[in-house]
Amino acid sequence: MLDRVLLGGGGSPSSALRPVRVASAVDEVSDRLLTAIAVGDFLPGERLPAERELTGLLHVSRPTVREAVARLQAVGVVEIRRGRNGGTYVRDSWTESTAAAVRHTLLPRWEEFEQLFDLRGLVEGMVAATAARRRSAKDLEPMRDALTAYLSASTQRDAHTADSAFHQAVRAATGNPQIVMLSQDLLARISLGFPVEPWGKGEQTHFHQGGEDHKALYEAIAGGEPERAEEIARGHFTISADLIRDVLERVRAR
């Protein structure tokens, strides 16, 4: 959908989510996963998507995903757990491999990422304004629940989950599945193919700002104030953009 918005001169899809090239598939998947972890798509202690899900998200084979994950394990970024709650879990680590992966992944695409940040502010402003115009009393219930969960979260993962639930509730309040898809597609582009919000290191300042924004956005939507809701949403989504910029600046300094 958004490929048509960000087409290059030749009419090919945006490189941010173009299917991985076979010749360098393992390198590309490894770099994307390392970068996704660096920007906080997946937090320490969190389980990565299952192998089957990763193959679908990144359009590669299971052996490619398996080898890429093995590389992450070898450099200490993830650990493999067996048993009932087994899977691939993120460790709290940052290595030289991480820095190189971020550079490989973000630098060649940076102009496009800046375009995406701009586009996302416009789209999410429209989403919030539409929600404020159309929301029903029933639509507000999951927003309130997610806001309460965010403000009372005791861990980064709980806050991350509540943040996702809040924005999903805002999207749903538009009453238009096409708007929901547009917002989700743009999130996936900014998050390197993974439909989760970048979270950085879960800095307290970002958590506090997110909470203040959520409260203000809920009040604007509940009060039927589309212009205010749009303004708040456009400002709120600069947090994710700034987190990604910060990560890139960090690796540039290495």
Side-chain angles (χ1 to χ4, degrees), residues 1-2 5 39-43 46 114-191 194-246:
M1 181 183 299
L2 285 171
V5 179
V39 301
D41 288 349
F42 306 107
L43 299 172
E46 188 172 357
E114 287 290 356
Q115 295 170 1
L116 286 165
F117 297 151
D118 179 50
L119 177 60
R120 193 176 191 209
L122 296 171
V123 169
E124 295 301 340
M126 175 272 292
V127 171
T130 304
R133 291 187 180 98
R134 298 179 178 177
R135 95 291 179 274
S136 66
K138 187 174 182 180
D139 290 326
L140 295 175
E141 293 176 12
M143 276 186 237
R144 280 197 303 270
D145 291 344
L147 175 59
T148 299
Y150 184 94
L151 296 175
S152 63
S154 58
T155 68
Q156 292 181 22
R157 278 182 289 166
D158 288 344
H160 199 195
T161 299
D163 179 75
S164 296
F166 180 82
H167 290 296
Q168 179 57 38
V170 173
R171 289 191 289 264
T174 67
N176 187 332
Q178 297 301 320
I179 293 177
V180 173
M181 289 172 59
L182 179 63
S183 175
Q184 291 175 330
D185 285 351
L186 188 50
L187 170 59
R189 289 187 180 282
I190 286 188
S191 301
F194 307 104
V196 286
E197 195 74 44
W199 198 249
K201 291 290 184 182
E203 293 89 341
Q204 189 62 31
T205 54
H206 293 144
F207 171 79
H208 177 74
Q209 183 61 52
E212 291 299 310
D213 288 350
H214 287 180
K215 285 192 291 184
L217 184 55
Y218 171 78
E219 290 169 359
I221 292 173
E225 302 176 73
E227 291 81 8
R228 181 166 173 249
E230 179 176 7
E231 181 181 1
I232 294 166
R234 289 184 65 173
H236 175 66
F237 282 95
T238 63
I239 295 175
S240 297
D242 287 343
L243 286 170
I244 297 174
R245 292 188 185 104
D246 289 346

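For Glu141, there are no salt bridge (charged side-chain N to carboxylate O under 4.0 Å, His left out) partners at least two apart in sequence or on another chain. Scored by the side-chain contact (heavy atoms from CB on, under 4.5 Å) test, Gln184 finds Gln168, Arg171, Val180 as partners (sequence neighbours excluded). With sequence neighbours left out, Asp242 forms a salt bridge (charged side-chain N to carboxylate O under 4.0 Å, His left out) with Arg245. Looking at residues two or more places apart in sequence or on another chain, you find no side chain to side chain donor-acceptor pair (under 3.5 Å) involving Thr174. With sequence neighbours excluded, the residues forming a side-chain contact (heavy atoms from CB on, under 4.5 Å) with Ser136 are Lys138, Asp139, listed by chain and number. Judged as a side chain to side chain donor-acceptor pair (under 3.5 Å), and not counting sequence neighbours, Glu225 has no contacts. Remark: Ala172 engages no residue in a side-chain contact (heavy atoms from CB on, under 4.5 Å) (not counting sequence neighbours). For Tyr150, the ring-ring contact (aromatic ring centres under 6.0 Å, His included) test picks out Phe207, His214, with sequence neighbours left out. With sequence neighbours excluded, the residues forming a side chain to side chain donor-acceptor pair (under 3.5 Å) with Gln209 are Asp213, listed by chain and number. Glu46 pairs by the salt bridge (charged side-chain N to carboxylate O under 4.0 Å, His left out) definition with nothing, not counting sequence neighbours. In this structure, the side chain to side chain donor-acceptor pair (under 3.5 Å) partners of Thr155, at least two apart in sequence or on a different chain, are Asp158.
Although no hydrogens or angles enter the test, the distance criterion places no donor-acceptor pair under 3.5 Å between the side chain of His160 and the main chain of Phe42. A donor-acceptor pair under 3.5 Å is formed between the side chain of Thr238 and the backbone N or O of Gly235.
For the atom pair CD of Glu227 and CD of Glu231, the computed distance is 10.0 Å after rounding to the nearest 0.5 Å. Rounding to the nearest 0.5 angstrom, the gap separating the CD1 atom in Ile190 from the CG atom in Leu243 is 11.5 Å. Taking CD1 of Ile232 as the start and CD of Glu212 as the end, the distance is 11.0 Å to the nearest 0.5 Å. The CG atom of Leu122 sits 14.0 Å away from the CZ atom of Phe117 when rounded to the nearest 0.5 Å. Considering CZ of Phe166 and NE2 of His236, their distance stands at 7.5 Å, rounded to 0.5 Å. Between the CG atom of Leu151 and the NZ atom of Lys215 there is a distance of 6.0 Å, given to the nearest 0.5 Å.
Residues Pro198 and Leu187 come closest through the heavy atom pair CD-CD1, 4.4 Å. The two atoms that bring Leu140 and Tyr218 nearest to each other are O-CE1, 3.9 Å, heavy atoms only. When all heavy atoms are compared, the tightest approach of Gly40 to Leu43 is O-CD2, 3.9 Å. Ala159 and Ala153 get closest at one heavy-atom pair: N-CB, 3.5 Å. In terms of heavy-atom proximity, Ala173 sits nearest to Met143 at CB-CE, 3.7 Å.
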Please list every donor-acceptor pair under 3.5 Å in which a side-chain atom of residues 124-133 meets a protein atom from a residue at least two apart or in another chain.
from: Glu124; atom 1: OE2; to: Ser183; atom 2: OG; distance (Å): 2.6
from: Thr130; atom 1: OG1; to: Met126; atom 2: O; distance (Å): 2.8

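Here the rule is side chain to side chain contact (heavy atoms under 4.5 Å, CB included) with Trp199, and of Val39, Asp163, Asp41 only Asp163 fits it.
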Could you please spell out the steps behind the side-chain contact (heavy atoms from CB on, under 4.5 Å) verdict for Arg134 and Asn176? CA-CA 10 Å; Arg134 298 179 178 177; Asn176 187 332; 4.0 Å; yes

